[in-house]
Amino acid sequence: MRYSKLLIPTLKEAPAEAQVTSHILLVRGGFIRKVAAGVYSLLPLGMRVVAKIQNILREELGRSGAQEVLLPMVHPAELWQESGRWQKYGPELLRFKDRKGADFAMSPTAEEAVCDLVRRDVRSYRQLPINLFQIQDKFRDEMRPRAGLMRGREFIMKDGYSFHATEEDAKREYKNMYDAYVRIFKRCGLDFRAVEADTGAIGGSLSHEFQVLAESGEDSIVACDKCDYAANVEKAELKRGSMVDGPQSTATGQIQELHTPGKGGIDVVAKFLREDVKRFVKTLIYVADGKPVIALVRGDRGLNELKLKALLGAETFELASDTVVTQVTGAAVGYAGPQGRGVLVYADLEVAAIPSAITGANKTDYHVRGFNLLRDVPDAKVVDLRTAAGGDPCARCDGGSYRAFRGIEVGHVFFLGTKYSEPMKVNFLDAEGKENAAVMGCYGIGVTRIAAAAIEQHHDQDGIKWPVQLAPFQVSIVTAGKEPELAEAAEKLERELEARGVEVLYDDRDERPGAKFATLDLIGLPRQVLIGPKGLAEGKVELKDRRSGERELVSLDAAIDKLGGKA
RNA sequence: CGGGGCGUAGCGCAGCCUGGUAGCGCGUUCGGUUCGGGACCGAAAAGUCGGAGGUUCAAAUCCUCUCGCCCCGACCA
């Protein structure tokens with residue numbers, strides 16, 4: 001393929017709106033262009049990368065026995081009303097009316113649609129199990145799309161759904177998909193971890209996320225350095241034992257007020273008072289089913305909202321608004337304390353272990369020193385509330401401890417049970433002639449997000465360093481000079497490699513060599529062939545590996561063999 | 001949705017405070033020179049200054065409203 005025939009609008013400067021590496025490089029390299037917030041067009045190079053990912057998905061899923069279908073993107077409201085999600089899903093579900101005024105939604109996920117498909121035609125356990133997947137544009141009206149393809153509103157997703165006669169069989173398939181996902185992400189050249197995860201709004205009881213390790217990731221995960229336990233921090237367990245029965249301190253001093261004008265927030269106050277944040281008690285106010293609740297964690301810790309939510313058994317659960325906080329504490333935000341508020345108080349185990357803590361005074365511009373949980377809030381419920389962090393002992397083994405990572409979620413597998421099949425009446429007759437709801441699993445992969453994640457892991461100052469399997473072309477050819485022999489050699493190489501099934505991009509632009517080198521490094525093709533007059537005089541061309549930077553001089557025929565052999 | 005920031009040529013930005021001829025770099029077009037790591041010289045095309053309203057003799061600039069975009073948080077998965 002000739003460079004001059006493709007639309008590859010590269011940019012020297014990064015667009016102002018892009019902050020994240022993958023976003024900048026995708027735009028600069030001419031892979032994508034923005035159309036609206038979180039909505040992008042894929043240009044030829046971007047489309048090629050996506051096609052590579054899709055091919056890997058199709059091959060591996062096919063190998064695992066899943067069948068490809070294509071469900072509609074536009075779903076009638078009735079389907080979502082049937083599952084109850086028309087009410088539950090919230091504004092992230094883009095809704096609209098057709099000309100007759102009937103309600104529809106753009107599909108953010110397709111449990112309803114696939115259930116509707118399967119229930120019509122699957123009647124017997126003899127037709128099960130069945131595993132259907134599709135690769136399709138999805139739309140989620142995110143409050144805050146960001147970082148290009150990492151978190152768009154419209155994005156390409158592979159979503160799969162399996163139906164089973166028994167729970168055992170669904171779990172068998174879960175494992176089957178899990179294994180397929182491992183193969184897929186390996187083939188994509190990604191450094192990833194499968195982690196235990198919360199099941200969130202989709203529901204169900206068993207779930208793993210596939211997280212690509214990258215600093216720019218939105219998720220926090222912990223992984224044991226000794227055993228293979230790894231989990232999203234939302235889900236990560238803390239080791240039972242030490243803290244549960246741990247030290248409950250007795251008070252060592254009286255409460256005394258501290259004047260901390262304009263110093264809201266733990267870090268600011270800690271700095272102001274020159275005290276360790278570990279001696280602080282963080283007071284968080286939540287609203288659970290309409291009633292305020294106070295949650296306490298140590299100053300340096302995060303609250304695991306899922307733990308508290310589960311503990312309360314609350315339907316709705318959210319961080320209180322500033323107005324509610326002010327109401328509850330009688331002070332400005334930043335000065336909340338747990339004392340004497342007549343509100344249910346849940347304290348983390350670690351909070352009970354601090355003999356003399358610093359916390360908010362429930363009085364604007366004041367904190368208190370000498371706070372002791374057991375003395376000062378005797379009816380507080382002391383429980384495990386905090387988020388796991390790096391350095392914590394592993395909950396699943398002896399002697400291991402957690403290491404913390406940032407991750408980009410590129411895949412997610414769920415065991416769903418009958419959460420959707422029951423309300424959607426996906427029923428079948430079993431061997432005894434009894435009607436049962438099918439047991440389901442669902443499996444997602446963010447196709448466009450994989451492209452972004454791959455760049456986050458593989459780039460340098462000059463641009464992208466695509467893993468061969470995802471690269472839009474495997475080989476690029478550049479000539480340095482105007483001599484006709486150079487172009488002849490380049491064309492021969494192009495012809496020979498393409499005949500061997502290698503995807504080649506021959507940069508035939510009338511540009512200076514430096515400009516061509518720079519763009520090819522930017523778009524990140526893994527192998528470059530540089531044909532220059534000096535080398536060619538001796539019948540040699542230069543091979544450059546984009547990822548390692550290694551170069552070698554070989555004959556034209558050797559180049560053909562070398563690059564053509566591993567297509 | 002809360003907080004912060006930005007909308008001026010395809011892209012990156014200056015001009016706005018202190019109202020008066022719309023400017024720079026990159027890119028693009030034409031001509032010439034150059035040719036192994038984003039060349040140089042010369043000429044040129046290209047902008048409803050996000051939109052609406054207001055103040056004013058006069059608005060990119062001041063005021064009001066509005067739309068869009070980015071970042072942090074919350075939300076979501």
Side-chain angles (χ1 to χ4, degrees), chain A residues 9-20 23-24 27-30 33-39 85 88-93 108-109 138 140-148 150-153 155 157 159 197-204 207-211 218-219 232 234-235 264-265 284 286-287 305-306 316-325 333 407-414 442 444-446 449 461-463 478-483 486 507 509-523 528-536 541-542 544 549 551:
Chain A
T10 60
L11 264 29
K12 282 191 187 175
E13 288 171 293
E17 67 197 22
Q19 319 289 328
V20 176
H23 187 191
I24 292 171
V27 175
R28 281 196 54 211
R33 285 293 184 264
K34 189 176 73 176
V35 175
V39 178
R85 287 208 289 184
K88 283 188 193 149
Y89 213 91
E92 199 170 296
L93 182 65
T109 175
K138 293 292 184 300
R140 295 183 186 172
D141 199 355
E142 300 265 356
M143 271 176 200
R144 198 180 150 208
R146 71 190 106 176
M150 287 253 278
R151 193 178 195 79
R153 291 194 294 172
F155 56 99
M157 177 163 126
D159 49 327
D198 177 56
T199 50
I202 291 186
S207 163
H208 284 85
E209 289 168 348
F210 291 79
Q211 295 277 0
E218 294 182 294
D219 290 333
N232 192 307
E234 293 176 344
K235 170 83 176 177
L284 298 161
Y286 282 82
V287 177
E305 296 189 1
L306 295 169
T316 68
F317 179 78
E318 57 196 7
L319 201 58
S321 64
D322 291 1
T323 6
V324 174
V325 171
V333 174
I408 301 166
E409 181 190 349
V410 290
H412 206 154
V413 291
F414 290 90
C442 82
I445 289 181
R449 189 180 275 185
Q461 290 291 326
D462 298 325
V478 205
T479 53
K482 292 241 188 245
E483 294 81 351
L486 299 180
D507 191 346
R509 292 174 301 166
D510 184 21
E511 288 284 351
R512 293 160 63 89
K516 294 197 252 188
F517 296 152
T519 30
L520 291 176
D521 283 349
L522 173 63
I523 65 182
Q528 298 174 2
V529 185
L530 314 181
I531 305 178
K534 276 165 267 171
L536 199 62
V541 299
E542 186 177 325
K544 179 185 157 192
R551 296 159 186 267

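Residue numbering restarts at 1 for every chain, and letters A, B, ... go by the order of the sequence lines.
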With sequence neighbours excluded, what pairs up with A:R146 under the side chain to side chain contact (heavy atoms under 4.5 Å, CB included) test?
A:R144, A:R151, A:E218
Donor-acceptor pair, side chain of A:K516 and main chain of A:R509, under 3.5 angstrom
yes
Tell me whether the side-chain N or O atoms of A:E542 pair up with the base of B:rG36 as donor and acceptor below 3.5 Å, since no angle test is needed here.
yes
Sequence neighbours excluded, the answer for side chain to side chain contact (heavy atoms under 4.5 Å, CB included) partners of A:K138 is A:S107, A:Q134, A:Q136, A:F155, A:M157, A:D159
Side-chain N or O of A:K534 closer than 4.0 Å to phosphate OP1/OP2 of B:rG36
no
Report the residue (A:K34 or A:A518) whose heavy-atom-nearest nucleotide on RNA chain B is the more 5′ of the two.
A:A518
Give me the distance, rounded to whole Å, that separates B:rC75 from B:rG68 when you measure between the P atoms they each carry.
24 Å
In whole Å, what separates the P atom of B:rA45 from that of B:rG36?
34 Å
What's the CG-C1' distance between A:D507 and B:rG38, to the nearest Å?
12 Å
Set of residues satisfying ring-ring contact (aromatic ring centres under 6.0 Å, His included) with respect to A:H23, sequence neighbours excluded:
A:Y40
If we take the P atom in both B:rC49 and B:rG53, what is their distance in whole Å?
13 Å
Nucleotide nearest A:E142 (side chain, heavy atoms from C-beta), chosen from B:rG36, B:rC76, B:rG38
B:rC76
Anything under 3.5 Å between a protein N or O and an N or O of nucleotides 41-49 of chain B, put it in a table, one pair a line.
none

Look at the side chain of A:R28 and the base of B:rG27, then say whether one donor and one acceptor between them are separated by less than 3.5 Å.
no
Return yes if a side-chain donor-acceptor contact under 3.5 Å exists between A:T109 and A:R140, otherwise no.
no
B:rU28 and B:rA46: how far apart are their C1' atoms, nearest whole angstrom?
9 Å
Flag, side chain of A:R449 to backbone of A:E409, donor-acceptor distance under 3.5 Å
yes
Across the strands shown, which category fits A:K138 at heavy-atom distances under 4.0 angstrom: base, sugar-phosphate, nothing?
nothing
For the P atoms, the ones on B:rA60 and on B:rG50, what distance do you get once it is rounded to whole angstrom?
10 Å
Distance between C1' atoms of B:rU61 and B:rC16 (Å, rounded):
4 Å
Who pairs with A:R512 by side chain to side chain contact (heavy atoms under 4.5 Å, CB included), at least two apart in sequence or on another chain?
none
Reading nucleotides 7-12 of chain B 5' to 3', which nucleotides get B (base under 4.0 Å from a protein heavy atom), which S (sugar-phosphate only), which -?
----BS
Spell out, as yes or no, whether a donor-acceptor pair under 3.5 Å connects the side chain of A:Q528 to the backbone of A:K544.
no
Determine the Euclidean distance between corresponding C1' atoms of B:rU48 and B:rG31; express it in Å to zero decimal places.
34 Å
